[in-house]
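Heads up: the structure comes next, in structure tokens.
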Amino acid sequence: MGTRSFEVINYSLRPNKSVERKLIARVLNAIGKSPRFDWRDYRYLGLGSMWFVDFIMMHKRIGITDLVTIEKEESRAKRVSFNAPYSCVEVKLGASTKVIRELAWDKRTIAWLDYDDQLRAYMFDDLNQIITKSTSGDVVMLSVNAEAAQLSIAEDKELVDPMSVLKGLVDSTFIPDRKSVV
């Protein structure tokens, strides 16, 4: 069990994350003006970490009271439960892929899989499961720790074609045809 990013810095202090959260809140608030999207009837599914910054935003700014966080490390269960900012936060223990598969999908959902790791194949499995189970009106977002330097070859620092890296990480069924990418 290695050091996770929340153990290094509080998410609420990260400027890029702060901007990302504000943009998401603005977009959801704009969409929420439509009577078709009453966020109070939605569930929020996320990877809350120890700080629950996105959960606080979803509760305070968007109005969601059904909040579900996924924590993969059982050893952190007590700390995650203790740090949950609201009693309406439900902690689901286990790998995200397992939790998503077992979660009841009987309620409209805003899912934000905000991984703090580099892009990995299991993330596509998570996304595929959510999209397969989602219905019209659900909102699905995924973010990963992505920097151009992660695509470099260690010896000579030449940039690798991102599509080559993607093909090495995931099954080809998850990769769109270049002609269909706009």
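In what follows, every heavy atom counts, from backbone to side chain, and hydrogens, waters and symmetry copies are set aside.
- Here the OG-CG distance, from S96 to L103, works out to 12.0 Å after rounding to the nearest 0.5 Å.
- Ion pairing of K107 with D66 is present here, as a side-chain N (NZ or NE/NH1/NH2) and a carboxylate O approach within less than 4.0 Å.
- The two atoms that bring S143 and W112 nearest to each other are OG-NE1, 3.0 Å, heavy atoms only.
- Inter-residue side-chain proximity for T69 and E90 is flagged as unmet; no heavy-atom pair is nearer than 4.5 Å.
- A donor-acceptor distance shorter than 3.5 angstrom exists from the side chain of E71 to the backbone of E73, with no hydrogens or angles considered.
- Rounded to the nearest 0.5 Å, atoms CG (L45) and CG (L113) are 6.0 Å apart.
- Note on ring orientation: taking the six-membered ring where Trp is involved, the planes of F37 and W39 are tilted (angle from 30° to 60°).
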Report task. For side chain to side chain contact (heavy atoms under 4.5 Å, CB included), just list the numbers for M58 and I110, CA-CA rounded to whole Å, side-chain angles, deciding distance to a tenth of an Å, and then say yes or no. Result -> CA-CA 9 Å; M58 290 295 176; I110 296 175; 4.1 Å; yes

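- To the nearest 0.5 Å, the span separating CG on L93 from NZ on K98 amounts to 9.0 Å.
- Using cut-offs of 30° and 60° on the angle between ring planes, the pair H59 and Y86 is tilted.
- Rounding to the nearest 0.5 Å places CG of L67 at 6.5 Å from CZ of F55.
- Look at K17 and D114 and you find a salt bridge, because one of the NZ, NE, NH1 or NH2 atoms lies within 4.0 Å of a carboxylate O, short of that distance.
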Query - side chain to side chain contact (heavy atoms under 4.5 Å, CB included) between I24 and M57, intermediate numbers included - result: CA-CA 10 Å; I24 288 171; M57 176 190 77; 4.1 Å; yes

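- For the pair K92 (side chain) and K72 (backbone), a donor-acceptor distance under 3.5 Å is absent.
- Of the inter-residue distances, the one linking L23 atom CG with L28 atom CG reads 11.0 Å to the nearest 0.5 angstrom.
- Around CD of E74, the count of heavy atoms belonging to other residues, nucleotides or ligands within 6.0 Å does not exceed 12.
- Relative to the six-membered ring of W105, R43 meets both conditions, a distance below 6.0 Å and an angle of at most 45° to the axis.
- There is a side-chain donor-acceptor pair under 3.5 Å between T97 and D126.
- Side-chain atoms of R108 and S136 include no donor-acceptor pair closer than 3.5 Å.
- Distance CG/D54 to CZ/R61: 12.5 Å, rounded to 0.5 Å.
- Side-chain polar atoms of D138 and T109 form no donor-acceptor pair below 3.5 angstrom.
- A donor-acceptor distance shorter than 3.5 angstrom exists from the side chain of Q129 to the backbone of R101, with no hydrogens or angles considered.
- No side-chain heavy atom of T65 sits less than 4.5 Å from a side-chain heavy atom of R40.
- Residue K22 places its NZ atom among 12 or fewer non-hydrogen atoms of other residues, nucleotides or ligands, all under 6.0 Å distant.
- Side-chain atoms of N29 come within 3.5 Å of backbone atoms of A25 as a donor-acceptor pair (strictly under, hydrogens ignored).
- Ring geometry for Y115 versus Y122: interplanar angle over 60°, hence perpendicular rather than tilted (30 to 60°).
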Query raised in the report: Which is it for I70 and I100 under the side chain to side chain contact (heavy atoms under 4.5 Å, CB included) test, yes or no, and what are the steps along the way?
Result: CA-CA 9 Å; I70 300 172; I100 291 166; 4.1 Å; yes

**Report entry** L127/V140 under side chain to side chain contact (heavy atoms under 4.5 Å, CB included): CA gap, chis, key distance, verdict
**Finding:** CA-CA 8 Å; L127 184 60; V140 180; 3.6 Å; yes

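- Within 6.0 Å of the CZ atom in R26, the count of heavy atoms belonging to other residues, nucleotides or ligands does not exceed 12.
- Checked by atom type and distance alone, the side chain of N83 pairs as donor or acceptor with a backbone atom of M50 at under 3.5 Å.
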